[in-house]
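What follows is a single structure, written as structure tokens, with notes after it.
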Amino acid sequence: MAGQLNTSYMPNYFSIEDILATQKRVPCTSTTNLPGLGFLDQGTDNPDLPPGTKLELPYWTVDGMKSRNKKYFAPQLPNCYKRTYREILLADPNVVDLHKLGPHYYEFGRHLMKHLPEEGELVGESISKAFKSRFLNLLDASQNCEDSDILKERSKMDELERELFNKSYRKRRAMQ
């Protein structure tokens with residue numbers, strides 16, 4: 001449908017945004033012996049993955065390797081969502097380069113929330129507050145920037161912000 005954002009706000013297997021957002025690697029620990037998965041730990045020749053092995057795996061792998069009543073990996077919070085980064089983000093969200101922290105920073109943060117209940121709520125609050133604060137600057141920039149300034153304005157935005165910026169900028173140009 002024309003005019004709608006393509007970004008998903010509910011995890012969706014067929015959403016390209018979800019696929020791209022879940023590519024980010026997450027530090028995790030195996031919780032049980034996993035036969036035949038020793039190749040995931042490149043530091044060992046063991047054919048099996050013993051419990052307690054620390055790895056960095058794409059989020060989609062960690063999310064997909066769980067059943068209704070058993071998790072095979074215990075994910076940890078990536079550095080860019082930890083307390084230190086959250087404090088920096090809340091102090092002045094407009095100076096933080098979200099694209100450098102992850103091109104799908106907001107979307108990936110939403111995915112993390114469901115796996116990390118103790119810190120998930122804090123992550124949700126910080127990304128929500130950051131987005132609200134950055135949104136006003138995003139709209140102002142999209143309505144007042146010149147064609148030559150677009151790359152500079154978009155450089156620190158994550159993909160959701162870029163899409164909003166582009167739509168707002170195109171609407172302004174169409175109205176002129």
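Position 1 is the first residue of the sequence, and the numbers go up from there.
Not counting sequence neighbours, Lys54 has no partner by the salt bridge (charged side-chain N to carboxylate O under 4.0 Å, His left out) test. Taking Glu118 as the reference, nothing meets the salt bridge (charged side-chain N to carboxylate O under 4.0 Å, His left out) condition, with sequence neighbours excluded. Every residue was checked against the side-chain hydrogen bond (donor to acceptor under 3.5 Å, both in side chains) condition with Gln42, not counting sequence neighbours, and none meets it.
Nearest approach of Asp48 to Gly36, heavy atoms of both residues: OD1-N, 2.9 Å. Nearest approach of Val62 to Cys28, heavy atoms of both residues: CG2-SG, 3.9 Å. Summarising the geometry of Met113 relative to Gly124, their closest heavy-atom pair is SD-CA, 3.5 Å, with the distance given to 0.1 Å.
Shown here is Asp92, whose CG atom has more than 12 heavy atoms of other residues, nucleotides or ligands within 6.0 Å. The 12-atom threshold is exceeded at CD of Glu125, counting heavy atoms of other residues, nucleotides or ligands nearer than 6.0 Å.
For the residue pair Tyr59 and His115, a side-chain donor N or O sits within less than 3.5 Å of a side-chain acceptor on the partner. Glu159 and His99 share a side-chain donor-acceptor pair at under 3.5 Å.
Considering only heavy atoms from C-beta on, Asn137 stays 4.5 Å or farther from Met157 through its side chain. Considering only heavy atoms from C-beta on, Leu112 comes within 4.5 Å of Tyr81 through its side chain.
Screening Lys156, Arg154, Lys167, Arg134 against Glu161 for a salt bridge (charged side-chain N to carboxylate O under 4.0 Å, His left out) leaves a single residue, Arg134.
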